[in-house]
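Computed over heavy atoms, backbone and side chain alike; hydrogens, waters and symmetry mates excluded. Indexing begins at 1, ligand by ligand and atom by atom, following the structure's order.
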Amino acid sequence: MNRVYIKTYGCQMNERDSQAVAALLRNKGYSIVSEEETADVILLNTCSVREQAEQKAIGKAGYITAKKRKKPNLILGIMGCMAQNKGDSLVDTLPDLDLVIGTQKFHRVPDHLDNMIASMNGLGPRPETVVDIEEEAGSQNTIKSHMDDGPKVSAFVSIMQGCNMKCSYCIVPKTRGAERARPMNEIVDEIQALADKGTKEVTLLGQIVNQYAVREFPFVDKKSPFVQLLEKVNAIEGIERIRFTSPHPVGFKDDLIECYQRLPKLCEYLHFPMQSGSNSILKAMRRPYSIEKFRQIIEKLRVIRPDIYISTDIIVGFPGETDEDFEATRSAFEAIGFDMAYIFKYSVRPGTTAEPEGDPISKETKEARNQILLDILGRSSLARNQSLVGTTQEVLLEGKAKRGDAMFIGRTRGYRKVIVPANERLIGELVDVHITDASVSSLNGELVIAD
Ligand code: 5AD
Ligand code: SF4
């Protein structure tokens, strides 16, 4: 009864939460399996950001519930954002569910499983469904364990939880609660320990990372706590690359922009959510910046790092988005020339301030707007990749590529995916790769110094 399979939906934050749960379970004697069929326990770590994400996980849970008829001892748990959002009502939809674990209770999973398995082994009645979704002070400090299963080339580190922004479309403040930062020294210790075990790259995670600890830690020499943290991580020996996601344009000040010049390990790549290019839609979304301000930040970054790579998030079809509003988004999107983007069709979320406006933009209009942006993105991403053909790029080799035996996969500092023939012993190393050809989504190349 100790084989656990964890399936993760949603963002990197969720990936990281799943990893921490896996590590905690491992420490308690559970084994983490990569196939659902062999598992005694299936945990779905879920996302609520769009309705479709919830439907996917509910569909999956329904399918597993059906399997439970043949395998009655199988334990099924739903964790994370949808557990938090739907709570008890999930049990109404899925009566065979065993665990519902909220976003502040991930660390309680091992105890809940222990108890459940003990009572099943006692051949007692099937235990009641556990619904554990309360808020818990200090829960942000519980997402720090990492699996001890060999060096992790690139690791996520959660630096905070929750969000105090009030974007009108967004369910995250409801699912993740108020903003809570982890102490800076604990984050630095965690990254030092990762580096000691061979990690070369860290991605700092938070709902709004650049807001990190603005209330808990003072600014020093006009540097925000987030910038102070970046400096400390930059000083950790063994760490070669630093990334973070996601920042908010508000609070993206010169102290942070200058980091792209000062801190050599900070990669010249930024995920910078724009959401819309129309000022009236930004206002309706309660995003407290103008498109001019957003573009000004990008311009400043490009002065400091002309080669910076920028990706974004866009929502099309927000209530009230007229053709003119969309045109403003389209033209800003094209002018900025994003290297990567996630384009989402608006989805009404319960409890948000935009919920009462409903979903007045038709599916067809959303689809058409989505496609227009995807076409622009395809062109700009391909052009950026093609500009790299013939250059030499520093690539962190992360592992084997799916295609071909001796093919390996890595990323440039700009987060471009590179496929290269190499040797297994180079996994985890920074290697120079001569780029030979490019597609929209990846680059191919050859090692500059043969192994
Ligand atoms: N509908 C569509 N997309 C959304 N996002 C957040 N909420 C919604 C919603 N209700 C998008 C935003 C955010 C990304 C993680 O998901 O673009 O940056
Ligand atoms: Fe989804 Fe947002 Fe939760 Fe991440 S934080 S899992 S994107 S709802």
Side-chain angles (χ1 to χ4, degrees), residues 8-17 45-57 80-82 84-86 103 156 158 160-176 179 203 205-211 244-252 270-278 281-282 284-289 291 294 297 310-321 325-326 329-330 332-333 336 338 340-363 365-367 369-371 373-374 377:
T8 308
Y9 299 85
C11 63
Q12 285 114 323
M13 197 73 120
N14 263 23
E15 291 285 342
R16 177 67 199 111
D17 294 334
N45 194 7
T46 57
C47 173
S48 289
V49 81
R50 282 168 293 278
E51 197 189 347
Q52 213 186 2
E54 291 194 334
Q55 287 312 330
K56 232 165 127 182
C81 287
M82 187 175 70
Q84 195 69 45
N85 180 34
K86 292 191 180 277
T103 53
F156 289 137
S158 199
M160 62 200 290
Q161 291 281 336
C163 182
N164 283 1
M165 294 282 173
K166 301 246 164 356
C167 303
S168 62
Y169 50 81
C170 189
I171 200 167
V172 170
K174 179 177 169 195
T175 61
R176 293 268 172 184
E179 214 169 271
T203 304
L205 300 179
Q207 244 73 45
I208 299 197
V209 271
N210 51 328
Q211 282 282 102
F244 58 79
T245 198
S246 294
H248 195 291
V250 167
F252 210 109
L270 176 69
H271 182 67
F272 199 36
M274 175 170 110
Q275 311 299 2
S276 169
S278 151
I281 293 295
L282 285 172
M285 288 176 162
R286 298 197 183 188
R287 300 281 292 178
Y289 54 88
I291 185 63
F294 181 84
I297 297 170
I310 298 175
S311 61
T312 198
D313 289 342
I314 306 280
I315 299 175
V316 294
F318 185 81
E321 187 184 67
D325 290 319
F326 177 68
T329 299
R330 192 205 61 74
F333 189 84
I336 292 167
F338 290 104
M340 214 348 245
Y342 300 91
I343 300 151
F344 303 107
K345 289 171 246 172
Y346 177 67
S347 163
V348 184
R349 302 287 57 216
T352 57
T353 45
E355 185 190 8
E357 328 249 333
D359 197 1
I361 310 282
S362 74
K363 242 177 145 172
T365 302
K366 284 185 195 169
E367 190 50 57
R369 291 176 179 172
N370 184 47
Q371 199 51 53
L373 297 185
L374 283 178
L377 176 65

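- Of all the atoms in ligand 1, the ones that sit under 4.0 Å from a non-hydrogen atom of Arg349 are 10 (N).
- For the pair Gln275 and ligand 1, the shortest N or O to N or O distance falls below 3.5 Å.
- The proximity of Tyr169 to ligand 1, defined as any non-hydrogen pair under 4.0 Å, involves the side chain as well as the backbone.
- Here atom 6 (C) of ligand 1 lies nearest to Val49 when heavy atoms of Thr245, Thr312, Val49 are compared.
- Each of Phe326, Tyr169, Phe344 was evaluated against Phe318; a single residue qualifies, Tyr169, per the side chain to side chain contact (heavy atoms under 4.5 Å, CB included) test.
- The number of heavy-atom neighbours closer than 6.0 Å to NZ of Lys56, taken from other residues, nucleotides and ligands shown, is 12 or below.
- Counting heavy-atom neighbours within 6.0 Å of Glu51 CD, excluding the residue itself, gives a total of 12 or less.
- Heavy-atom proximity to Arg50, at under 4.0 Å, picks out these atoms of ligand 1: 1 (N), 2 (C), 3 (N), 4 (C), 5 (N), 11 (C), 16 (O).
- Partner of His271 under the side chain to side chain donor-acceptor pair (under 3.5 Å) criterion, out of Thr312, Asp313, Thr245: Asp313 alone.
- The aromatic ring centres of Phe252 and Phe272 sit less than 6.0 Å apart.
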